[in-house]
Amino acid sequence: MPLMEAQLKTAREVLEARGKVDNDVVAVKLKSRRGSDAIVDLMTPLPESEWAAGFDVVRKASPEGLEVIRHSTAHVMADAVQKLFPGTKVTFGPATDNGFYYDFDRPGGTFSEDDLAKIEAKMREIIATKSPFKREKIERADAIDLFSKLNETYKVEWMSTLPPDTEFSVYRHGDWVDFCKGPHVPNTEFLAAVKLTAVSGTYWRGDERNPQLQRIYGTAFHSEKALEVYLKQLEEAKARDHRKLGKELELFAFDGTAVASPFFLPRGAKVYNRMIDYIRDVYVRHGYEEIITPQIYSTELFRTSGHLEAYAEGMYFAFAADDLQDEKKLGEIRAAILAPNKTEEQLAFLGKEVRGVKPMNCPGHCQLFSHRKRSYRELPWRCADFGRLHRYERGGVVHGLARVRTFCQDDAHIFCTPEQSEQEIIAFNTLLDEVYTAFGFTEVRIKLATRPERRVGADSLWDFAEKALEDALRKTNRAFDLAEGEGAFYGPKLEFHVKDAIGRSWQLGTIQYDFNMPARFDLKFIDNEGKEQTPVMLHRAIFGSLERFFAVYLEHINGSFPVWLAPEQVCLLTVTDKVDDYAKEAHALLKSRGVRANIDLSSDKLGAKIRNARNLRYPYLAVIGQKEAETRTLALRRGNEDLGAISLDDFAAKIASEAAFPRPQQKQ
RNA sequence: GCCAACCUAGCUCAGGGGUAGAGCAGCGGUUUCGUAAACCGCAGGUCGUGGGUUCAAAUCCCAUGGUUGGCUCCA
């Protein structure tokens with residue numbers, strides 16, 4: 001045995017030497033390495049130097065431990081699938097945030113959900129054999145030979161793409177073998193709680209041009225109990241799904257005559273409009289001006305902006321009867337719209353002949369900016385637009401209100417000088433804090449997305465823009481994560497991610513630095529020396545799309561809107577029809593005072609009325625019986641809390657104060 | 001668009017080759033009741049749509065529309 005090999009030790013050997021092998025240790029985390037490379041299982045031999053640098057044990061219940069468990073479970077699943085469906089080839093099978101998947105090529109077959117139960121049963125059999133996971137180092141040529149013989153063509157293809165200095169290893173459990181770098185659990189016994197959750201189609205290496213594969217999703221935990229907790233959380237999320245709440249609370253609806261395009265019902269429309277009015281209230285205080293712009297433009301506009309070239313498949317086009325007279329021309333239009341790489345002639349032709357429905361507001365805003373000469377005195381110009389946008393989203397990706405084909409953004413563009421941009425970014429951050437606080441999103445994470453590989457514009461522009469974004473954050477002591485290479489092709493951006501009430505993260509706001517669009521539109525302003533200068537443009541949104549925000553927020557609050565947003569703020573509930581007259585009088589009075597009040601005069605018993613009103617999530621319930629009629633009061637209730645008797649006047653005043661738009665604390 | 005599942009009354013769902021069902025909501029009546037579901041009755045469906053198989057289709061097959069979960073995680 002060569003000297004080098006003799007000096008290698010596995011984590012198991014190191015731990016055993018120290019008498020520290022508990023049966024819940026799945027791997028170790030090396031201090032000498034970082035990221036996913038740092039987790040090493042108990043079977044992998046490493047030089048003394050790596051151990052000397054120190055390590056922590058990874059226990060099965062830890063996030064890293066779960067990742068190992070899930071990866072091993074993916075192996076067991078692949079084993080089960082190949083035993084049940086001979087001829088199926090394996091491809092990739094990683095652990096994910098919430099579980100794992102494995103992609104298979106099953107010739108002439110797909111997997112149904114019935115198959116999942118069979119696969120799961122077979123997995124339990126395999127797990128019950130308590131087979132150890134064994135790691136083997138292997139030479140590249142031997143690995144290629146082994147997997148060629150197994151007819152695992154995808155694995156072989158993958159091996160041939162790996163760099164020359166890659167260390168090859170295979171993992172075995174029982175009689176099954178996979179080309180894998182690990183890490184894995186010591187033994188199938190560690191796979192205590194397994195559930196297969198879904199099947200889906202996918203493509204080899206994620207590319208639509210490659211062969212179609214079958215993906216099976218599952219999840220695994222270190223204990224049955226942990227799995228149950230996870231499944232409960234899924235149920236919880238399902239219970240507050242905005243599509244369910246939207247139906248139950250009569251907020252919005254969908255219809256096949258306008259697929260993926262929401263209809264806001266009266267109750268939903270009230271909330272939607274309150275949200276917009278609130279943003280308008282914020283805008284007044286933050287120096288924005290609202291504009292209203294057209295829906296349909298000559299595609300010449302989108303040719304200038306670049307959308308026609310880069311975004312035609314996401315756009316709707318608009319034709320009038322007059323446009324449809326010439327059949328030959330129509331053929332050319334069709335060819336031009338469908339062309340994946342449009343020629344200059346085609347772009348010019350479309351620009352002249354076709355109108356498009358706007359998918360974004362920015363081109364219209366640039367057009368308006370250049371509508372007349374602009375002075376430096378006007379900058380920064382912050383122009384807001386609640387215009388309706390249409391984007392053609394593919395059938396498979398639409399989702400409730402969260403991904404729709406028509407929506408409205410709380411969109412605004414800030415035209416300013418490069419020197420002003422940092423201050424504008426700071427001001428936008430302040431504005432965001434105010435709005436997110438108003439909606440009860442207290443945990444906000446900021447991501448700075450920098451230049452991608454495919455981009456336009458000189459590096460000096462990128463340097464300046466990235467610095468402006470970063471300095472704005474640093475000067476206001478905001479923590480952020482760097483997302484290198486994730487910027488838009490036209491400029492870097494900040495993304496604002498909020499955490500909702502059940503711990504999920506959503507990207508809402510963004511501010512994007514853009515020096516490309518002003519150049520394309522040849523925007524100019526006259527500076528204080530009378531010279532023409534090009535402004536920069538900041539695209540920014542707080543909610544993103546109103547529709548999507550509605551969905552996120554609805555789930556965040558589980559349908560219970562605060563008084564200032566609620567479609568109805570109070571429901572008056574009568575105990576007996578003897579008090580109908582007083583109840584109607586109280587209802588009219590409250591409405592005249594601007595309270596959004598409803599009344600339930602049905603012959604239901606009080607308990608039923610309360611139940612119905614609670615289900616509709618009224619912030620306040622006001623019970624009216626003989627006592628209240630005599631004293632001209634309401635018996636007020638909020639949730640399960642009895643707030644006692646209150647006069648009509650006091651209640652109207654109370655609602656008025658709670659119904660005002662939230663504003664940050666003013667210094668007196 | 002691709003893979004899988006689903007589509008039955010306004011809603012939630014049962015039925016799965018032989019006369020279309022329940023609860024809630026709705027409507028009519030009785031009840032007038034004090035903090036999460038009073039009682040009786042009535043009405044409501046060419047089972048998403050179009051074809052096919054069959055003596056017979058909500059049920060089986062094909063197509064089509066829609067909905068849902070996926071289609072980034074890299075041995």
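Every heavy atom of this structure was used, including side-chain atoms; hydrogens, water molecules and symmetry mates were not.
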What's the [atom1]-[atom2] distance between [X] and [N], to the nearest Å?
X	N	atom1	atom2	result
Phe111(A)	G69(B)	CZ	P	23 Å
Trp204(A)	U72(B)	CH2	P	14 Å
Arg394(A)	C2(B)	CZ	P	10 Å
Tyr203(A)	C73(B)	OH	P	14 Å
Asp600(A)	A25(B)	CG	P	12 Å
Arg611(A)	U35(B)	CZ	C1'	14 Å
Gln212(A)	C2(B)	CD	P	9 Å

### Query
Between Glu248(A) and Asn615(A), is any pair of side-chain heavy atoms under 4.5 Å apart?
no
### Query
Side-chain contact, heavy-atom cut-off 4.5 Å: Phe111(A) with Leu116(A)?
no
#### Entry: Side-chain N or O of His399(A) closer than 4.0 Å to phosphate OP1/OP2 of G70(B)
no
### Task
Ignoring backbone atoms, test whether Arg243(A) places a side-chain nitrogen or oxygen under 4.0 Å from the OP1 or OP2 oxygen of G69(B).
yes
### Message
Hydrogens and angles aside, do Ser602(A) and Asp600(A) bring a side-chain donor and acceptor to less than 3.5 Å of each other?
### Response
yes
### Query
Where does the angle between the aromatic ring planes of His173(A) and His75(A) fall among parallel (under 30°), tilted (30 to 60°) and perpendicular (over 60°)?
tilted
### Task
Classify the angle between the aromatic ring planes of Tyr392(A) and Tyr316(A) as parallel (below 30°), tilted (30 to 60°) or perpendicular (above 60°).
perpendicular
### Task
Would you please indicate yes or no on a ring centroid separation below 6.0 angstrom for Phe190(A) and Phe133(A)?
no
### Task
Compare the minimum distances between each of A37(B), G66(B), G70(B) and the side chain of Ser200(A), then state the nucleotide with the smallest one.
G70(B)
### Message
Between G70(B) and Gln214(A), counting only base atoms on the nucleotide and side-chain atoms on the residue, is there a donor-acceptor pair under 3.5 Å?
### Response
no
Distances under 3.5 Å between nitrogen or oxygen atoms of protein and nucleotides 40-45 of chain B:
none

### Message
Roughly how many Å apart are G45(B) and G21(B), using the P atom of each and rounding to a whole number?
### Response
13 Å
### Message
For the P atoms, the ones on C3(B) and on C55(B), what distance do you get once it is rounded to whole angstrom?
### Response
34 Å
### Task
For the pair Lys493(A) and Glu486(A), find out whether any cationic side-chain nitrogen is under 4.0 Å from an anionic carboxylate oxygen.
no
### Message
Tell me the closest heavy-atom pair linking Leu601(A) and Lys609(A), and the distance in Å.
### Response
C-NZ, 4.0 Å
### Query
Please walk me through it: do Phe104(A) and Tyr102(A) pass ring pair (Phe, Tyr, Trp, His ring centres under 6.0 Å)?
CA-CA 6 Å; Phe104(A) 301 97; Tyr102(A) 213 118; 5.2 Å; yes
Between N or O atoms, less than 3.5 Å apart, protein on one side and nucleotides 30-33 of chain B on the other: list the pairs.
residue, atom, partner, partner atom, Å
U31(B), O4, Ser603(A), OG, 3.3
U32(B), O2', Thr576(A), OG1, 3.2
U32(B), O2', Lys578(A), NZ, 3.1
U32(B), O2, Asp577(A), N, 3.0
U32(B), N3, Asp577(A), OD2, 3.2
U32(B), O4, Asp577(A), OD2, 3.4
C33(B), OP2, Lys578(A), NZ, 3.4
C33(B), N4, Ser603(A), O, 2.7

